[in-house]
Enquirer: 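The structure that follows is given in the form of structure tokens.
Computed from a predicted model, the values in this text were never measured in an experiment. In what follows, chains carry the letters A, B, and so on, assigned in the order in which the sequence lines appear, proteins first and then strands, with residues in each chain numbered from 1.
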Number of protein chains: 2
Amino acid sequence: MDRKVATIQDVARIAGVSTATVSRTLSKPSVVARSTREAVLDAIETTGYRINATASNLRRQRTGTVIVLLPDIANPFFSQILAGLASVLTPAQYGMLIADTQSGPDPDEQLAHYLTSGQADGVILLDGTLSPRALDIPGRPPVVMACEWMDTTTPSVRVENARGAALAVGHLARLGHRHIGHVTGPTGNVLSETRLEGFRDALSALGLPLRDEWVIEGDFSMDSGAAAARAWLALDSRPTGLFLSSDQMAVGFMGELQRRGLTVPSDVSVVGFDNIEIARHLSPGLTTVRQPRTRIGVRAAEMLLSLIDTGLLEGPTEMIEVEFMARESSAAPPR
Amino acid sequence: MDRKVATIQDVARIAGVSTATVSRTLSKPSVVARSTREAVLDAIETTGYRINATASNLRRQRTGTVIVLLPDIANPFFSQILAGLASVLTPAQYGMLIADTQSGPDPDEQLAHYLTSGQADGVILLDGTLSPRALDIPGRPPVVMACEWMDTTTPSVRVENARGAALAVGHLARLGHRHIGHVTGPTGNVLSETRLEGFRDALSALGLPLRDEWVIEGDFSMDSGAAAARAWLALDSRPTGLFLSSDQMAVGFMGELQRRGLTVPSDVSVVGFDNIEIARHLSPGLTTVRQPRTRIGVRAAEMLLSLIDTGLLEGPTEMIEVEFMARESSAAPPR
DNA sequence: TCTTGTTCTGTAATCGTTTGCAGGGAAGCG
DNA sequence: CGCTTCCCTGCAAACGATTACAGAACAAGA
């Protein structure tokens with residue numbers, strides 16, 4: 001009976017045609033005569049034939065797979081980007097192979113492995129800390145970076161990080177804050193650097209003071225946000241408004257302050273970055289800069305597909321707009 | 001030069017042996033003579049040869065891929081399970097293909113598609129709402145369910161959901177609560193049902209009353225938690241302690257109450273389920289039931305690999321322990 | 001010397017598709 | 001009626017590996 005899965009040969013035999021015709025019926029139906037096409041489709045129906053992707057890929061010299069390399073699968077920030085990627089790749093018949101750069105030994109090595117192994121038609125790279133030299137492989141499949149980036153030549157999808165920082169600073173300034181601080185992401189990360197720069201530029205454009213001790217180092221995590229809260233408390237002169245480079249840090253920051261009996265925004269105004277889902281469910285709701293993460297994924301996937309199919313691209317980098325979300329965690333400074 | 005990627009033929013030619021020998025050098029080195037082995041390895045080195053996975057898989061009638069089917073990629077709850085899966089599958093040379101059951105049209109159809117398409121050597125199923133009939137496919141690859149489950153025959157990894165509920169109820173009762181309510185997950189979901197049942201059983205075991213209106217329907221999301229807060233506020237007689245079937249709902253619940261000026265745990269004690277990262281960063285810290293999600297992923301992957309390799313399994317289901325985490329969101333009821 | 005066994009290697013078939021090429025037949029045209 | 005053109009279809013060669021089988025070389029034992 002069904003002891004074996006049907007192959008194209010079985011279909012061909014039953015339909016009384018050659019395997020070539022069956023294949024063509026599936027790939028370009030327009031070139032086969034209507035009557036044969038129907039016979040073939042009937043035979044496919046009765047046999048329950050499903051095309052063997054491995055064989056097809058071997059013959060067509062492709063893999064039907066794109067690899068998504070991210071620094072940390074467990075970080076929920078990426079899950080929505082994955083959703084965006086999947087929404088484009090799945091309909092285009094590409095599978096998404098997910099790999100974690102942190103789990104293996106050497107991340108650069110791992111990238112090189114995937115680029116040379118021929119296991120993928122393309123790579124989506126979400127980790128900007130790899131070295132650009134790792135991409136120096138002749139004949140490698142196309143690579144698109146998303147969120148983070150490494151250089152100006154590799155195609156990438158980014159958000160307006162500097163503008164987001166400026167929006168945050170402008171908002172705090174408009175509320176009356178003159179002493180504004182910042183909690184950064186990890187050093188060396190392009191996002192951290194770009195947002196910090198945007199923060200600095202916005203301050204000086206507004207003629208506001210910037211003290212070194214008002215820039216507290218974090219690493220995007222909730223824990224580092226809680227640590228930043230303790231650092232802020234320990235300051236002699238505390239900024240009244242704070243822009244944190246990620247919502248996760250803002251959550252940790254506010255939580256730590258509240259557990260110590262302080263109140264946001266009465267004691268300090270807080271602005272985050274990302275607009276993760278929880279931002280509007282917190283109390284107070286977290287003022288933040290929205291990054292359309294699904295859209296980032298969608299655009300990155302579209303760019304990659306275009307590179308795979310045509311090898312061409314309109315522009316090397318695509319900039320995605322951010323949007324400011326004012327909520328209750330920011331208010332006028334205490335007098 | 002490097003215009004083409006080297007094949008096993010190139011290696012064979014350079015090493016002066018047949019392709020069979022090259023293949024053997026790679027798969028079982030012990031059967032080839034030491035001198036030839038070294039010559040082959042040298043040739044591999046100079047050509048930069050990498051085995052073509054597609055061709056190898058075609059010949060060996062496997063795919064080197066397992067498919068992970070989950071209800072919603074964007075849900076951060078799953079990302080840590082994915083991390084656990086990856087930590088086992090990647091070292092075992094399996095790729096992880098991620099697919100979303102909600103994105104496509106008919107989830108059952110989608111599962112059937114993956115089971116018959118021969119695109120995977122195994123399937124990890126994280127969605128228990130599919131119909132068990134969808135697994136009724138002769139010769140299908142092995143399937144392991146994780147977190148949720150559908151029947152007693154399909155291998156699965158679960159946590160002690162009923163016990164978790166009992167721990168939550170016991171904790172509240174010990175604090176002095178006599179009126180305890182519950183916010184459920186979506187109806188039809190096994191986790192919702194099992195936790196609800198555990199909740200009911202625990203109440204009656206303790207001789208505590210259960211009113212129907214104290215069971216509020218949710219769907220695991222933060223939004224539904226906020227909605228539950230409004231429903232709780234609208235009750236004539238409100239339970240003083242509440243067990244919510246997910247931390248996300250607890251977050252939404254507490255946030256909504258706090259924004260309306262109420263205080264947790266003074267006005268109501270809250271216990272969640274999952275112990276997501278944010279639980280300990282909230283203010284007050286969220287009392288909850290910990291599910292070791294990485295471990296769930298690890299065990300599910302190990303079971304699947306064992307099924308793929310040997311077709312055997314020790315037991316059909318594996319139960320993972322939960323752990324109660326008392327924090328500040330629960331306290332003695334208001335007098 | 002002949003037989004037997006061991007160890008290593010090569011030949012060639014095979015996995016299930018896709019696709020360039022060529023041929024058969026019908027239709028159109030002069 | 002002959003020639004060209006156009007559809008449609010089949011033949012057969014790939015794609016790049018794995019592996020059953022057989023054969024070669026050599027050593028050891030009788």
Enquirer: Would you kindly compare Arg60(B) and Ser35(B) by the position of their nearest DNA chain C nucleotide and give the one closer to the 5′ end?
Expert: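 By nearest-heavy-atom nucleotide position, the 5'-most residue is Ser35(B).
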Enquirer: Would you check if Ile124(B) and Leu304(B) make a side-chain contact, meaning some heavy-atom pair closer than 4.5 Å?
Expert: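 Of all side-chain heavy-atom pairs linking Leu304(B) with Ile124(B), at least one is under 4.5 Å.
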Enquirer: Can you tell which of dT19(D), dC8(D), dG16(D) lies closest to the side chain of Ser23(B)?
Expert: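 The answer is dT19(D), which lies nearest to the side chain.
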Enquirer: Nearest to the side chain of Gln9(A), which nucleotide is it out of dG10(C), dT17(C), dT9(D)?
Expert: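 Given the options dG10(C), dT17(C), dT9(D), the side chain of Gln9(A) is closest to dT17(C).
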Enquirer: May I have the distance from Asn57(A) (atom CG) to dG16(D) (atom P), rounded to whole angstrom?
Expert: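 Atom-to-atom, Asn57(A) to dG16(D), this comes out as 13 Å.
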Enquirer: Choosing from dT17(C), dA17(D), dG10(D), which nucleotide comes nearest the side chain of Arg24(A)?
Expert: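 Closest nucleotide among those given: dG10(D).
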Enquirer: Hey, which sits more toward the 5' end of DNA chain D by its nearest nucleotide, Lys28(B) or Thr54(B)?
Expert: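 It is Thr54(B) whose nearest nucleotide is closer to the 5' end.
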Enquirer: If the cut-off is 4.0 Å, is Thr21(A) near the phosphate of dT9(D), judged by side-chain N/O to OP1 or OP2?
Expert: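 Indeed not, no polar side-chain atom of Thr21(A) lies that close.
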Enquirer: Who passes side-chain hydrogen bond (donor to acceptor under 3.5 Å, both in side chains) against Glu318(B), sequence neighbours left out?
Expert: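 side-chain hydrogen bond (donor to acceptor under 3.5 Å, both in side chains) check on Glu318(B) returns Arg299(B).
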Enquirer: What is the distance, to the nearest angstrom, from the CD1 atom on Ile8(B) to the P atom on dT9(C)?
Expert: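 About 15 Å, once rounded to whole Å.
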Enquirer: How would you label the contact of Val22(B) with the nucleic acid (heavy atoms, under 4.0 Å): base, sugar-phosphate, or nothing?
Expert: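 Result for Val22(B) = nothing.
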Enquirer: Specify the residue among Arg59(B) and Thr19(A) whose closest nucleotide of DNA chain C lies further upstream toward the 5′ end.
Expert: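 The answer here is Arg59(B).
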Enquirer: Nearest-Å distance, CZ (Arg37(B)) to P (dT7(C))?
Expert: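 Going from Arg37(B) (CZ) to dT7(C) (P), I get 14 Å.
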Enquirer: Say whether, by atom type as modelled, one donor and one acceptor occur between the side chain of Thr154(B) and the main chain of Asp151(B) under 3.5 angstrom.
Expert: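 No; judged by distance alone, with no hydrogens or angles, the pair does not exist.
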Enquirer: Does a side-chain N or O of Gln61(A) approach OP1 or OP2 of dT18(C) to a distance below 4.0 Å, or not?
Expert: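 Looking at the OP1 and OP2 atoms of dT18(C), neither is under 4.0 Å from any side-chain N or O of Gln61(A).
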Enquirer: Select base, sugar-phosphate, or nothing to describe what Arg50(A) touches, counting heavy atoms under 4.0 Å on all strands.
Expert: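 Sugar-phosphate, no base atom in range.
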Enquirer: For the side chain of Val32(B), starting at C-beta, report the closest nucleotide among dT18(C), dG16(D), dT9(C).
Expert: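 The nucleotide sitting nearest to the side chain is dT9(C).
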Enquirer: Should the heavy atoms of other residues, nucleotides or ligands under 6.0 Å from CZ of Arg62(A) be counted, would the total exceed 12?
Expert: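 For Arg62(A), atom CZ is crowded (more than 12 foreign heavy atoms under 6.0 Å).
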Enquirer: Which nucleotide, dT9(C), dT19(C), dG16(C), lies nearest any side-chain atom of Leu58(A)?
Expert: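 Among dT9(C), dT19(C), dG16(C), the one nearest the side chain of Leu58(A) is dG16(C).
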Enquirer: Do the side-chain N and O atoms of Thr63(A) and Asp121(A) include a donor-acceptor pair separated by under 3.5 angstrom?
Expert: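 Indeed, the side chains of Thr63(A) and Asp121(A) share at least one donor-acceptor pair under 3.5 Å.
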Enquirer: With respect to the side chain of Ala33(B), which nucleotide from dT9(D), dG16(C), dT9(C) is positioned closest?
Expert: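 Nearest listed nucleotide: dT9(C).
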Enquirer: Quickly work out the Arg62(B) CZ to dA17(D) P distance and round it to whole Å.
Expert: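 One finds 15 Å between P of dA17(D) and CZ of Arg62(B), rounded.
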Enquirer: Looking only at side-chain N and O atoms, does Thr101(B) offer a donor or acceptor that is under 3.5 Å from a partner on Asp127(B)?
Expert: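 On atom types as modelled, these side chains qualify, holding a pair under 3.5 Å.
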Enquirer: Is the phosphate of dT9(D) approached by Thr36(A) (side-chain N or O, under 4.0 Å from OP1 or OP2)?
Expert: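 For dT9(D), OP1 or OP2 has a side-chain N or O of Thr36(A) closer than 4.0 Å.
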Enquirer: Does Ser56(A) put a side-chain nitrogen or oxygen below 4.0 Å from OP1 or OP2 of dT17(C)?
Expert: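 Indeed not, no polar side-chain atom of Ser56(A) lies that close.
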Enquirer: Nearest whole Å is fine: how far is dC7(D) C1' from Arg34(A) CZ?
Expert: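 Arg34(A) atom CZ is separated from dC7(D) atom C1' by 16 Å.
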Enquirer: Would you mind reading off the distance between Asn52(B) atom CG and dC15(C) atom C1', rounded to a whole angstrom?
Expert: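 From Asn52(B) CG to dC15(C) C1': 13 Å.
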Enquirer: Show the atom names and distances, to 0.1 Å, of all donor-acceptor pairs under 3.5 Å that link a side chain in residues 132-148 of chain A to residues at least two apart or in another chain.
Expert:
| unit_1 | atom_1 | unit_2 | atom_2 | d |
| --- | --- | --- | --- | --- |
| Arg140(A) | NE | Leu135(A) | O | 2.8 |
| Glu148(A) | OE1 | Gly128(A) | N | 2.8 |
| Glu148(A) | OE2 | Asn189(A) | ND2 | 3.1 |

Enquirer: To the nearest Å, how far apart are Leu26(B) CG and dT19(D) C1'?
Expert: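 So the two atoms are 15 Å apart, to the nearest Å.
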Enquirer: Take atom CG of Asp10(A) and atom P of dC15(C), then tell me their distance rounded to the nearest Å.
Expert: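 After rounding, the reported distance stands at 11 Å.
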Enquirer: Quantified as the angle between the terminal helix axes (five pairs each), what is the overall bend of the helix from dT1(C)-dA30(D) to dG30(C)-dC1(D) to 10 degrees?
Expert: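 Overall, the helix from dT1(C)-dA30(D) to dG30(C)-dC1(D) bends by 60° from one end axis to the other.
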Enquirer: Under a 3.5 Å distance rule, please check whether Thr47(A) uses its side chain to pair with a backbone N or O of Ile44(A) as donor and acceptor.
Expert: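 It does hold such a pair.
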